[in-house]
Amino acid sequence: MAQTADVVPEFPMPRASGCPFDPPPALQELQKQGPLVKVRLQDGSEPWLVTRYAEQRALLGDARVSADNTMPGYPTKGDGGGGENGEDKFSFIMLDDPEHARQRRMVTAPFAIKRIEALRPTVQKIVDGLIDDMLAGPQPVDLVEAFALPIPSLVICELLGVPYDDHEFFQDNTKTMVHRDATPAERGQAVRAIAEFLSGLLVERRADPRDDLLSSIAGRVTAGEIDHRQATEMALLMLFAGHETTANMIALGTAALFEHPDQLALLRESDDPKLVASAVEELLRYLNITHLGRRRAAVEDIEIAGQVVKAGEGLIFTNEIANRDPEVFADPDRLDITRDARRHVAFSFGVHQCLGQPLARMELQVVYGTLYKRIPTLRLACRPEDVRFKHDAFIYGVHELPVAW
Amino acid sequence: MKVELEADKCVASGQCVLAAMDVFDQDDDGIAVLLEETPGPELLDDVREAVAVCPAAAIRLVEQ
Ligand code: HEM
Ligand code: SF4
């Protein structure tokens, strides 16, 4: 069915008030209309919105679909989405194979399941330490500031080898980097500040390598496999990709569990690591915190679902509604930590699927498996309607989450 | 049933290892390796899950 220009819906759409955990109703409505629907961005461009699970997986896994934001049709401009750091071809997340694969493989080693499992006790110690601090401090406390943000920050800095003293600097700047209201100049400034710092550390590690990811990235420069700028972007990508994402899953996940006390009780009272792991997958599916869609451009004509996506047309993949596709997930709008949600696309799909997912999973398992047991009376310390959600950020979450016990 | 793994497609997501620990492992770079080419029937559900969650279409389960 052909759409005419005046019925093309605008993207992004607002969430319904009072339903902060559900995707925008207008978006879910589009899924019913068809697997591929044209939408209009603020700049007037009209990329395809891929609404359904099967088509999202097929196209995200298709080599004719490019993640390079300089490709014609790439839906970057006009709505604050895409071009996550305001830079073109930013590291391998915005490159296509074979160059993407070449660079990604330089940093896959520390994310292997066994290496991540070996990190679990360290993460457990970090989580326990932060809970000790909260319990010893005043109430109410903001869970975002006191708990959710420090965890991924400490963990990724451990992995990269970034000194802890520089964490506050990192948190301030990454916040600016992802804030939709920040001007391009402010964003650029924040990226440059962090890039300069990491660039300096990479130079140090080249001369004096240690057992950390920065040193192994630095080693690739020494070996002539990448240049110094590529190395800096790679390090920056690790920090940026794992920082607010994991933090928001911790805080937003807790907010969602407060709204679903039966699910919270189930999690709190279980000693089964399998249930905790299952809760992590279900919360990833249900919350899908990367909420403005994955961005791509078709580089060849692609026939799919009775449509032709033409070369040079843009594609937006709203994983949040694919994860609510009733063809795949029964009763999709229900949060049910006992369901098998492993096939969700909260980490996207295809060759760009999240590199940090084993780490993110492990961190969230430790958090969800520890926090509610150690503080069984943990509760929201404000009215639910007073919680402020990050409708305006690239990564969905809560601005703050006041808690008491 | 036989499992086929195209390691050059692998993007080291670790998903197959989580789905079917007895059939898949990873090398030092996180790239998938096959532990069991012809897994017994009790493992086939896990392998099917691995096929379904592999983001890079690197795994296939074929009739022998
Ligand atoms: C719950 C937390 C996380 C979520 C929801 C998440 C989500 C995602 C998504 C949706 C993508 C795909 C981007 C695309 O297809 O365009 C992605 C890519 C990526 N993520 Fe994550 N992520 C999380 C945590 C992490 C962590 C902890 C790290 C690293 C320490 C990380 C590193 C990366 C990298 C490097 C990529 C780019 C992969 C590529 O282009 O090949 N992420 N992530
Ligand atoms: S699931 Fe696929 S991409 Fe991920 S590690 Fe296994 S083979 Fe590689």
(request) Using a cut-off of under 4.5 Å on heavy-atom pairs, state which of Asp97(A), Val351(A), Thr108(A), Leu355(A) scores highest against chain B. (result)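 The option with the most such pairs is Thr108(A).
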(message) Looking only at heavy atoms and a cut-off of under 4.5 Å, which of Pro110(A), Pro358(A), Ala112(A), Gly61(A) has the most pairs with chain B?
(response)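 Between Pro110(A), Pro358(A), Ala112(A), Gly61(A), the count favours Ala112(A).
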Tell me whether the count of non-hydrogen atoms from other residues, nucleotides or ligands lying under 6.0 Å of [atom1] in [X] goes above 12.
X         : atom1 : result
Glu327(A) : CD    : no
Glu303(A) : CD    : no
Asp272(A) : CG    : yes

Go through the atoms of [X] and report whether side chain, backbone, both or neither lie under 4.5 Å from a heavy atom of chain A.
X        : value
Gln15(B) : side chain
Asp29(B) : both
Ala52(B) : both
Cys54(B) : backbone

Taking all heavy atoms of [X] and all of [Y], pick out the closest pair and write down the distance.
X         : Y        : result
Gln353(A) : Pro55(B) : OE1-CG, 3.0 Å
Arg343(A) : Val53(B) : CG-CG1, 4.0 Å
Gln357(A) : Ser13(B) : NE2-CB, 3.4 Å

(message) Looking at Arg104(A) and Val11(B), would you say the former's side chain and the latter's main chain have a donor-acceptor pair under 3.5 Å?
(response)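 A pair under 3.5 Å: yes.
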(request) For the pair Gln26(B) (side chain) and Ile113(A) (backbone), establish whether a donor and an acceptor sit closer than 3.5 Å, ignoring hydrogens and angles. (result)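 Indeed, once roles are kept as given, a pair shorter than 3.5 Å links the two residues.
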(message) What verdict does the side chain to side chain contact (heavy atoms under 4.5 Å, CB included) test give for Asp25(B) and Lys114(A), after you've listed the backbone C-alpha separation in whole Å, the side-chain angles of each residue and the deciding distance to 0.1 Å?
(response) CA-CA 9 Å; Asp25(B) 198 356; Lys114(A) 280 181 184 153; 2.7 Å; yes
